[in-house]
Number of protein chains: 2
Amino acid sequence: MEKSSDVLTKEQIIAATEETIRRYGMAKTSVTDVAKALDVSHGSIYRHFKSKTELFEAATEQWLEEKIVAPLADVCRDSSLHGVGHVQAYIQTLVRLKRHYAREDEALFAMYAKVSDESAELISKHIGRIVGHLMDIMLRGGLKSDHPERSARAVFYATARFHHPAHAYEWKSAAIDAEFSDVWALIEQGLKTND
Amino acid sequence: MEKSSDVLTKEQIIAATEETIRRYGMAKTSVTDVAKALDVSHGSIYRHFKSKTELFEAATEQWLEEKIVAPLADVCRDSSLHGVGHVQAYIQTLVRLKRHYAREDEALFAMYAKVSDESAELISKHIGRIVGHLMDIMLRGGLKSDHPERSARAVFYATARFHHPAHAYEWKSAAIDAEFSDVWALIEQGLKTND
DNA sequence: CAAATGACAAATTTTATTTTTTGTCAGTTG
DNA sequence: CAACTGACAAAAAATAAAATTTGTCATTTG
């Protein structure tokens with residue numbers, strides 16, 4: 001990852017950060033390593049990001065946006081889906097995406113897990129976006145509720161075991177899909193009955 | 001904690017382990033420290049427990065039994081409760097007990113969290129006991145299901161955010177009780193409608 | 001002879017030391 | 001003069017050396 005143009009951009013730095021984390025792993029990646037990958041001095045990176053923490057948060061935000069939120073927005077928009085089935089498809093997608101990246105992009109998933117753990121603000125913003133999608137789906141799908149946001153949040157929290165990174169090691173279990181189905185069956189009724 | 005009689009017992013060793021963990025914290029407690037507390041050689045402890053791991057697992061098992069499972073068994077037996085309300089009281093108790101000890105007995109809660117993390121077998125056995133209680137309550141309460149164990153497990157997993165130690169930091173939020181209520185409202189319907 | 005001790009090697013942890021990294025900034029460069 | 005460099009101090013991490021802990025077992029004790 002050499003910088004191609006002569007103006008260093010945030011985007012280039014984030015791309016180099018991802019690459020370096022994939023190569024060395026989360027724990028072993030320093031700002032110096034990222035600078036080396038870009039063939040610039042590490043001081044240049046501090047012109048774009050106030051701190052290492054901010055850099056990793058920006059990388060995580062972008063990763064979440066691209067890998068998780070964008071595909072979810074597609075499901076949210078999908079007009080072939082409706083009502084409870086739409087909510088289910090959305091949560092199912094969320095669960096599958098998390099599981100997919102936990103397995104197939106371990107290093108960046110570890111970055112996401114670590115940043116989540118340390119930045120309550122970032123994760124709360126991210127959850128806010130998902131809750132927004134769920135509210136949208138539920139309202140459009142005629143799933144009325146006295147407290148749409150609270151209902152949306154409840155769906156998110158009731159399925160936490162299947163998408164929260166702290167539970168990632170449980171996703172290896174052969175029973176995980178059946179367990180999700182069973183939890184979903186429980187929730188489904190509550191979604192139909194307006195609270 | 002001096003050993004009172006002249007025969008060293010597992011019970012004494014476990015009591016001394018708890019005491020030492022409360023005094024020094026989980027990370028700083030060694031088998032040697034426990035032996036010192038009992039005024040015996042550390043070799044004597046190895047006569048009763050194969051390893052440090054086994055000692056800490058035994059201490060955790062006892063802690064879970066006494067602090068969590070025993071009070072839950074009381075709720076399970078409570079004949080003044082019935083049906084969905086009984087299940088709710090049970091899970092509510094589980095949630096409150098976990099929260100209580102996370103706050104009021106930090107050191108031993110940390111022991112439980114660490115051992116949980118490292119001993120899949122112990123935690124799976126413990127979950128088995130809770131699922132057993134829930135099945136008992138659900139069957140006695142006329143909450144019929146094609147798969148009683150799977151239904152019971154689903155209730156447990158859907159509320160994981162409120163009792164799994166990995167989520168302990170979230171329990172400090174002022175919104176946690178409202179969030180539990182909302183999740184419970186979602187689940188309640190599914191419990192009434194037999195799956 | 002059952003229970004505990006204490007000496008021991010191997011593994012782990014702690015502490016001390018050295019090296020690297022982080023973050024700043026005055027100075028350089030195109 | 002905006003973008004970057006490179007030198008620097010402070011903080012953090014890696015390494016090396018020392019001390020403690022773990023686990024075993026032959027020996028001692030009651």
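Each chain gets a letter, A, B and so on, in the order its sequence line appears, and its residues count up from 1.
Remark: C1' of C:dT24 and CZ of A:Phe49 are 18 Å apart, rounded to the nearest angstrom. Rounded to whole Å, the distance from NZ on A:Lys28 to C1' on D:dA12 is 12 Å. Taking atom NZ of residue A:Lys36 and atom P of nucleotide D:dG6, one finds them 14 Å apart after rounding to whole Å. Look at CG on A:Leu38: it is 17 Å from P on D:dA3, rounded to the nearest Å. The OH-C1' distance, from B:Tyr24 to D:dT21, rounds to 15 Å in whole Å. Going from atom CG of B:Asp33 over to atom C1' of C:dT14 covers 14 Å, rounded to whole Å. Atom-to-atom, OH of A:Tyr46 to C1' of C:dA26 comes out at 18 Å; the value is rounded to the nearest Å. Between B:Leu8 atom CG and C:dT5 atom P there is a gap of 8 Å when expressed in whole angstrom units.
In this structure, the nucleotide among C:dT5, D:dT5, C:dT21 sitting nearest to the side chain of A:Ser41 is D:dT5. Residue B:Ser44 has its side chain nearest to C:dT5 when only C:dT21, D:dT24, C:dT5 are considered. Of the listed nucleotides (C:dT22, D:dT22, D:dC4), D:dC4 has the atom at the smallest distance from the side chain of A:His48.
Salt bridge annotation for A:Asp105-A:Arg22: present, with a cationic side-chain nitrogen under 4.0 angstrom from a carboxylate oxygen. A salt bridge links A:Lys125 to A:Glu61: one of the charged nitrogens lies within less than 4.0 Å of a carboxylate oxygen. Using a cutoff of 4.0 Å between basic side-chain nitrogens and carboxylate oxygens, B:Lys114 and B:Asp117 are not scored as salt-bridged. A salt bridge does not link B:Arg77 to B:Asp136: none of the charged side-chain nitrogens sits closer than 4.0 Å to a carboxylate oxygen.
Scanning residues 109-122 of chain A for heavy-atom distances under 4.0 Å to DNA chain D yields an empty list. A heavy atom lying under 4.0 Å from DNA chain C marks none of the residues of residues 51-61 of chain B.
Using a 4.0 Å cut-off, some side-chain N or O of A:Thr32 falls inside it from OP1 or OP2 of C:dT22. Distances shown here put every side-chain N or O of A:His42 at or beyond 4.0 Å from the OP1 or OP2 atom of D:dC4.
Evaluation of the side-chain hydrogen bond (donor to acceptor under 3.5 Å, both in side chains) rule for B:Glu65 yields B:Arg129 as partners, not counting sequence neighbours.
Residue contacts for B:Ser30: at a heavy-atom cut-off of 4.0 Å it reaches the sugar-phosphate backbone alone, with no base atom in range.
Side chains of A:Lys98 and A:Tyr112: a donor on one and an acceptor on the other come within 3.5 Å. A donor atom on one side chain and an acceptor atom on the other are not found under 3.5 Å apart for A:His147 and A:Ser151.
Classification of the B:Trp184-B:Phe180 ring pair by plane angle, with boundaries at 30° and 60°, yields parallel.
Both B:Arg47 and A:Ile45 sit near DNA chain D, but only A:Ile45 has its closest nucleotide nearer the 5' end.
A cation-pi geometry, defined here as NZ or CZ lying under 6.0 Å from the six-membered ring centre and within 45° of its normal, holds between B:Lys10 and B:Phe49.
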